[in-house]
Amino acid sequence: ITYFEITTAAAMLLFAEVPADYLLLEVGLGGRFDATNVIDKPLGTIITPVSRDHEEFLGKSLAGIAREKAGIFKKGAPAVSARQGEEADAAIVAESGRLGIGLLRGGADFDAYEQNGRLIYQDAQGLLDLPLPALAGGFQIDNAGVAIAAVRHFGLPVPDDQIATGLRQARWPARLMPINTGRLHALLPGGHELWIDGGHNDAGGAVLAAALAGLDRARPRPLILVQGTFANKDAAGYLRHFKGLQPKVLTVPIPGERAAWKPAELAK
């Protein structure tokens, strides 16, 4: 048994012994053959934006990766899919059609966008006027839209004011997270900011670069990128999005047993 399988089994036992109102269970890798996919009657399923990742297991094409992701779909369980590229969207639609499930698609059946400093959400049930997410980055508006779509599509008893509270109070460590206290913050020269982000694939690089470009427009400053990357990640695909920001790049090793890019190779 693998580390991921045994920890998933332990988690399932804990979830059974200490029931939650709702359990949001994230797959580890892909979907179809993931250890979490033993749940055969979920309340609903969600697919976030599909990008190239874990290609040694999931394949090289976005359509193939999307088919693996859509392996979490189950008959009788409604599904929500974030706004996808054409290739991934077609694969997800095809799998939902094969199973005959109700699929709500970002950009087609629901949308979320910023307007006058507010988050506007729209679907067939109507329009919501909500506060912007507390989480930094414009991509969090799309993420919030997917979450709201799931609440409404799955019929969860969550009133609009609780959705608004969730947007204001959400915290997500290591995802475009400002470091405002502690030893690292104390080391910063005056006028510098420190942000940390755990993104590591092509899509992660795109949204992070866009968020940093937005910060630069608001508060123009030089960008210093400190980067460490595991060996199985597409470093070039991730880093290419930062070219227009002209960062100074410092590459670092990642300690531990797991293989990582050597700093000199990552620098190239």
Side-chain angles (χ1 to χ4, degrees), residues 2-5 7 26-35 48-69 84-85 87-88 135-140 143 172-179 182-189 191-217 220-268:
T2 66
Y3 171 80
F4 186 79
E5 288 165 343
T7 51
E26 184 183 7
V27 304
L29 188 154
R32 185 162 63 111
F33 293 127
D34 192 80
T48 53
V50 173
S51 181
R52 288 182 171 84
D53 203 2
H54 303 294
E55 292 177 77
E56 66 273 33
F57 300 106
L58 305 180
K60 299 292 184 183
S61 75
L62 283 178
I65 294 171
R67 279 191 291 272
E68 294 296 326
K69 301 279 188 185
Q84 306 287 354
E87 199 179 340
L135 298 168
F139 59 95
Q140 295 294 1
N143 286 344
W172 194 357
R175 291 294 185 181
L176 196 54
M177 174 185 177
I179 304 298
R183 290 187 301 164
L184 290 176
H185 181 264
L187 291 171
L188 293 176
H192 284 61
E193 297 178 17
L194 178 62
W195 295 73
I196 185 168
D197 187 80
H200 52 254
N201 60 20
D202 184 75
V207 296
L208 177 60
L212 291 176
L215 284 175
D216 190 58
R217 286 191 293 272
R221 293 174 184 177
L223 173 63
I224 302 169
L225 195 64
V226 183
Q227 182 77 17
T229 306
F230 285 122
N232 66 335
K233 302 303 178 187
D234 178 11
Y238 176 85
L239 289 166
R240 68 187 177 92
H241 299 284
F242 299 91
K243 185 176 181 181
L245 297 172
Q246 298 182 312
K248 178 179 181 179
V249 183
L250 306 176
T251 57
V252 297
I254 302 178
E257 296 179 4
R258 188 171 167 188
W261 280 77
K262 291 182 171 58
E265 293 300 313
L266 189 57
K268 291 177 185 177

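This one's a predicted model, so the numbers in the text were calculated from it and none came from an experiment. Numbers for residues simply follow the sequence, beginning at 1.
Listed for the Gln84 side chain is a donor-acceptor partner under 3.5 Å among the backbone atoms of Thr48. Looking at Glu68, its side chain never comes within 3.5 Å of a backbone N or O of Ile65 through a donor-acceptor pair. A donor-acceptor pair is defined here as one N or O able to donate and one able to accept, closer than 3.5 Å; no such pair exists between the side chain of Glu87 and the backbone of Ser61.
Scored by the side-chain hydrogen bond (donor to acceptor under 3.5 Å, both in side chains) test, Thr229 finds Gln227 as partners (sequence neighbours excluded). Remark: Asp34 pairs with Thr36 by the side-chain hydrogen bond (donor to acceptor under 3.5 Å, both in side chains) rule, at least two apart or across chains. The salt bridge (charged side-chain N to carboxylate O under 4.0 Å, His left out) search around Arg221 returns Glu193, not counting sequence neighbours.
Residues Phe33 and Val27 fail the side-chain proximity criterion, which asks for heavy atoms closer than 4.5 Å. Here the side chains of Met177 and Trp172 are not in contact, with every heavy-atom distance at 4.5 Å or above. By the 4.5 Å heavy-atom criterion applied to side chains, Leu212 and Leu223 are counted as neighbours. Between Leu184 and Leu194 the shortest side-chain heavy-atom distance falls below 4.5 Å. Taking the side chain as every heavy atom from C-beta outward, Ile196 and Ile179 approach each other to under 4.5 Å.
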Distance-only donor-acceptor hits, side chain of residues 244-257, under 3.5 Å, sequence neighbours excluded:
residue : atom : partner : partner atom : Å
Thr251  : OG1  : Pro263  : O            : 2.8

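The shortest non-hydrogen separation linking Ala66 to Val50 is N-CG1, 4.1 Å. Among all heavy-atom pairs drawn from Glu5 and Ala35, the shortest one is CG-CB, 4.1 Å.
Among residue pairs with one or both ends in residues 235-245, those qualifying as salt bridge (charged side-chain N to carboxylate O under 4.0 Å, His left out) are Asp202-Arg240; sequence neighbours excluded. Sorted by first then second residue, the ring-ring contact (aromatic ring centres under 6.0 Å, His included) pairs that include residues 240-268, not counting sequence neighbours, are Tyr238-Phe242.
Under the 4.0 Å criterion applied to side-chain N and carboxylate O atoms, Glu265 and Lys268 are assigned as salt-bridge partners.
Here the straight-line distance linking atom NE2 of His192 with atom CG of Leu187 works out to 12.0 Å at 0.5 Å rounding.
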Can Leu208 and Phe139 be said to form a side-chain contact (heavy atoms from CB on, under 4.5 Å), step by step?
CA-CA 9 Å; Leu208 177 60; Phe139 59 95; 6.0 Å; no

